[in-house]
Amino acid sequence: MILDGKAVSEKRLEILKEKIEESGLYPRLATVIVGEDPASQMYVRMKHRACERVGIGSIGIELPADATTGRVLEAVTRLNDDPDINGILVQLPLPAGLDTTRVIDAVAPGKDVDGFHPCNLGRLFSGSPVFSPCTPQGVMTILEEYKIPIAGKRAVIVGRSIDVGRPMAALLLNADATVTICHSKTENLAAEMQNADILISAIGRAKFVGPEMVKEGATVIDVGINQDEQGRLCGDVDFEAVKGRAGAITPVPGGVGPMTIATLMENTFRAAKMRTCDNNTVW
Ligand code: GUN
């Protein structure tokens, strides 16, 4: 079975659009981009386009590549204090030399639609999440939509990043999976991966995952965005080689990627609703 993230994201965006219309709210997202990395610019453009589609207002703050951490913090503080802004997203990675941790920590937790603030990560790990990081939450949505059983299953995550691997582990643990996180120092990586009922790859190495690493019938989720030798977009998983062995598998492109943006839209609507019912004082 091919897990069609594109189709799931389209469905979720349509549902969200209706919910936003019914709510009478006009949620607003602010993006902050520092420098001119083409990939980051493309992602931010896609996020603004998705906002327009579902009825979320968006503004983009663009800072030069040589902006100081202080300048970025100033921009974030202004957005925190702006009552018309519900969600704030600082596009990562920031240019070298900027203090990413200080910037993430500066975002008001109630507007942290990326879910990277320690408050949000802490709540996720304690089992009562408010905003979860968009990519792993998008993976959970795909698993739910396709009714892939999670409780009691062995989930193996390859990659321990703060935006994917670690929150993915917390989300799967919250859904009662037995979770293993693997990384570059893991011994017998292939043996760990072969144990997985649900295998999540977030390594960033083109076609690294071959059929010998996958248990027959496993669900394989590919979070990688890489380029192959011909410069074409591909995931961490050798899709053609693995698809016959997996029970279910996400393609790249058209798998996890579109879900990240759909989840960002859902988080932004959530931020707008929270503000309405709770005056943004959820902490
Ligand atoms: N860069 C790559 N993925 C993401 C993401 O989900 N959020 C932000 N802010 N930056 C990213």
Side-chain angles (χ1 to χ4, degrees), residues 5 9 12-13 29-51 56 58-63 65 67 69 72-73 75-76 79-80 85-96 98-109 111-121 124 129-142 157 159-168 170-171 200-204 221-227 233 235-236 250 252-253 255-268 270-271:
S9 77
R12 299 285 290 212
L13 287 171
L29 173 71
T31 62
V32 178
I33 183 166
V34 187
E36 280 160 19
D37 175 62
S40 290
Q41 286 177 326
M42 183 188 70
Y43 290 136
V44 168
R45 265 199 309 277
M46 287 164 71
K47 290 167 186 177
H48 285 273
R49 228 177 289 144
C51 283
I56 293 176
S58 67
I59 63 163
I61 310 286
E62 294 174 12
L63 298 175
T69 298
V72 183
L73 292 174
V76 168
L79 296 169
N80 285 342
I85 296 297
N86 305 109
I88 301 171
L89 176 141
V90 181
Q91 186 65 28
L92 301 178
L94 292 173
L98 291 186
D99 189 336
T100 302
T101 304
R102 273 186 77 196
V103 172
I104 289 173
D105 289 0
V107 175
K111 297 188 179 189
D112 172 37
V113 287
D114 251 333
F116 294 161
H117 190 283
C119 263
N120 281 312
L121 287 173
L124 172 61
V130 176
F131 296 116
S132 300
C134 300
T135 299
Q137 182 60 48
V139 170
M140 296 304 287
T141 303
I142 293 181
I157 301 155
R160 54 177 159 178
S161 68
I162 205 71
D163 57 333
V164 182
R166 290 170 199 241
M168 189 78 254
L171 284 161
I200 311 231
S201 181
I203 325 171
I221 305 285
D222 190 348
V223 186
I225 301 177
N226 316 297
Q227 286 190 342
L233 185 64
D236 290 345
T250 59
V252 176
V256 174
M259 291 307 302
T260 299
I261 292 185
T263 308
L264 174 67
M265 299 300 109
E266 292 177 346
N267 280 355
T268 304
R270 186 163 198 201

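For ligands, and for the atoms within them, numbers begin at 1 and follow the listed sequence.
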Discussion item. Return the closest protein heavy atom for atom 8 (C) of ligand 1 as residue, atom name and distance.
Written reply: Asp114 OD2, 3.3 Å
Worksheet, complete the sentence: One finds that the ligand 1 atoms under 4.0 Å from a non-hydrogen atom of Leu89 are 9 (N)
Fill in: Pairing residues for Arg160 by the salt bridge (Lys or Arg N to Asp or Glu O under 4.0 Å) criterion, not counting sequence neighbours
none
Fill in: Nearest-neighbour protein heavy atom for atom 3 (N) of ligand 1, which is reported as residue plus atom name and distance
Asp163 OD2, 4.4 Å
Worksheet item: Below 3.5 angstrom, do we get any N/O pair linking Val90 and ligand 1?
Response: yes
Worksheet entry | Min N/O separation Gln91 to ligand 1 under 3.5 Å | yes
Discussion item. For the CZ atom of Arg270 and the CG atom of Asn86, what is their distance to the nearest 0.5 Å?
Written reply: 14.0 Å
Discussion item. Tell me every residue that passes side-chain contact (heavy atoms from CB on, under 4.5 Å) with Val252, counting only those two or more places apart in sequence or in another chain.
Written reply: Asp222, Leu233
Worksheet, complete the sentence: So CG of Asp163 and CG of Leu121: to nearest 0.5 Å the spacing works out to 10.0 Å
Discussion item. Checking a contact table here: which protein heavy atom is nearest atom 10 (N) of ligand 1, and how many Å away?
Written reply: Leu92 N, 3.0 Å
Fill in: Point-to-point distance, once rounded to the nearest 0.5 Å, from CZ of Phe116 to CG of Leu124
11.5 Å
